[in-house]
Structure formats: structure tokens, C-alpha cells
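These numbers come from a predicted model, not from an experiment. We use all heavy atoms of the structure for the numbers below, so side chains are in, but hydrogens, waters and symmetry mates are not.
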Amino acid sequence: ATLGHEIRTPMTGVLGMAELMARTPLDDTQRSYVEAVRRSGATLLRLVNDALDITRIESRRLVLESDCVSLRAIGDEVVALATGGAGEKGLVLSSAIDAGVPEAIRGDAIRLRQILQNLVNNAVKFTERGGVSLHMARDGGTLVMTVNDTGPGMSAALCSRVFSRFEQGGSPQRAQGCGLGLAICHELCLLMGGSIRVSSEP
């Protein structure tokens, strides 16, 4: 955790400078270099943040907030943030909320958004054609959030370990990160008194 905090501070500076450089006049080669710095820096920052989250969860220092959370706002934001990546691949990105779902719930908006963003981003990353959808429904007293995609699917063996730490699916070229994202989603769902599961086949 200490190392993560030490890395995060200069990494934020690197990304800030890359952002400023991207706004200056650059030729195509220079712009490609700056974009590579930004992508690599953002990936490193995400890894550090994931490691810090796991550390906080393990030491039981991660405290969930309890605020009034607009489910529609969170769904719209998650989809909006994934629109760029989906658009580049020609994917259809959609969200829907059933009529029985409450307008708002009490919970931790940041962590709920983190879970959904992770699931939607993974779906976009591994889907080459078709689409990705986010659906919210109510099943009795339970709120059910589902992310569907038309990607290559997963074997039963991969499904059984996909929420384990340091597990990655797909080809090595696509496996960016260190396999903590879904493990964090699993831990956060448990902390919220919920559960997470996957249903897939190749």
C-alpha cells in the first residue's frame, strides 16, 4: 500500500504533463508517442489503484459509504464512459432499466459504479462484433444488474476461476492489467451484502 501511494503521486504528474503535451502542436509521430505514454500511464495507474483496493479490503480498512444513489444516473454514466471504446470497434452499447426498479437506493455510488464500469469495460474489450448491454431489474427484494455481451464466451473452467485474483481470460495481447479487476468486483459485492456470478460458454 505504501509503495502504491508512492507510485501514484508521480504517475499522476506524468499523466498531467502528457495531457498538456497532447494539447500542443505535434506531428503525427509525436502525437502517437504522447498517446502511448497516456495509455501506458493510465494502465499503470489502474494497476496501482487495484492493488490499493485489494490491500484495503484485506486489511478491512475499506469502508462503504451510504448515500442516496440514482441507479439511472450510474447506468448512464457507465455507458457514456464506455462509448468511445465501443464506437472504435463498431459495437452497439445499450442500457435498460425495468419499470419495477426504484429510482434510487442507499449505497456506495463510487463502488457500485466501479463494479459496473469494470464489467462493461471487460465486455467491450473482449467483444469484437455485436454489442454490450447493461440491464437493471428487480427480483423480489433483490436488485439484479446484468452485463451481456456477444464476445467469444468462456469455458466452464475459466468461469469457475474468473473472480479469482490474478486470473485473466482471452489472449495475452488483450490481457491488459494483472487480473485484479474482477476479484475486486467480487469482494465489493460481498461487502455490499450481494453476490456476483458469470454465465457463459464458448
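The shortest heavy-atom contact between Cys159 and Val198 is O-CG1, 3.7 Å. For Gly75 against Leu134, the heavy-atom pair with the smallest separation is CA-CD2, 3.9 Å. Among all heavy-atom pairs drawn from Met154 and Pro202, the shortest one is O-CD, 3.2 Å. Heavy-atom minimum distance, Gly41 versus Met11: CA-CE, 3.5 Å. Pairing each heavy atom of Val124 with each of Ala86, the nearest pair is CG1-N, 3.8 Å. In this structure, Ile105 and Pro102 approach most closely via the heavy-atom pair CG2-CG, 3.9 Å.
In this structure, CG on Leu47 lies 6.0 Å from CG on Leu44, to the nearest 0.5 angstrom. Rounding to the nearest 0.5 angstrom, the gap separating the CG atom in Leu91 from the CG atom in Asp149 is 9.5 Å. Here Leu81 contributes atom CG and Gln117 contributes atom CD; the two are 4.5 Å apart, rounded to the nearest 0.5 Å. If you take CG on Asp50 and CD1 on Ile184, they are separated by 4.0 Å, rounding to the nearest 0.5 Å. Note that the CZ atom of Arg106 and the CD atom of Glu65 stand 10.5 Å from one another [nearest 0.5 Å].
Formation of a donor-acceptor pair under 3.5 Å by the Ser70 side chain with backbone atoms of Ala104 is not found in this model. Checked by atom type and distance alone, the side chain of Lys89 pairs as donor or acceptor with a backbone atom of Lys125 at under 3.5 Å. Judged by distance alone, the side chain of Asp98 and the main-chain N or O of Gly100 form no donor-acceptor pair under 3.5 Å. For the pair Thr24 (side chain) and Met21 (backbone), a donor-acceptor distance under 3.5 Å is present. Listed for the Thr150 side chain is no donor-acceptor partner under 3.5 Å among the backbone atoms of Thr127.
Comment: Asp28 does not engage Arg31 in a salt bridge, judged by the lack of any side-chain N to carboxylate O separation of less than 4.0 angstrom. Remark: Arg72 does not engage Glu103 in a salt bridge, criterion side-chain N to carboxylate O under 4.0 Å.
The shortest distance between side-chain heavy atoms of Met136 and Leu116 falls below 4.5 Å. Within the 4.5 Å cutoff, side-chain heavy atoms of Arg111 are placed close to those of Leu62. Residues Met145 and Ile115 are not in side-chain contact: their nearest non-hydrogen atoms beyond the backbone lie 4.5 Å or more apart.
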**OP:** Verify side chain to side chain contact (heavy atoms under 4.5 Å, CB included) between Leu188 and Asp108, making sure each step is shown before the conclusion.
**Re:** CA-CA 10 Å; Leu188 289 175; Asp108 190 320; over 6 Å; no
Does the side chain to side chain contact (heavy atoms under 4.5 Å, CB included) test come out yes or no for Leu119 and Leu182, once each step is laid out?
CA-CA 8 Å; Leu119 297 178; Leu182 291 178; 3.6 Å; yes
| Taking it one step at a time, do Leu26 and Tyr33 satisfy side chain to side chain contact (heavy atoms under 4.5 Å, CB included)? | CA-CA 10 Å; Leu26 301 169; Tyr33 292 162; over 6 Å; no
Exercise. Step by step, work out the side chain to side chain contact (heavy atoms under 4.5 Å, CB included) result for Arg56 and Val63.
Key: CA-CA 9 Å; Arg56 282 194 288 264; Val63 179; over 6 Å; no
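A 6.0 Å sphere centred on CD1 of Ile110 holds no more than 12 heavy atoms belonging to other residues, nucleotides or ligands.
By the side-chain hydrogen bond (donor to acceptor under 3.5 Å, both in side chains) test, Asn49 pairs with Arg8, sequence neighbours left out. Gln30 meets the side-chain hydrogen bond (donor to acceptor under 3.5 Å, both in side chains) test with no other residue; sequence neighbours excluded.
Pairs passing the side chain to side chain donor-acceptor pair (under 3.5 Å) check and including a residue from residues 77-88, sequence neighbours excluded, read Glu77-Arg113.
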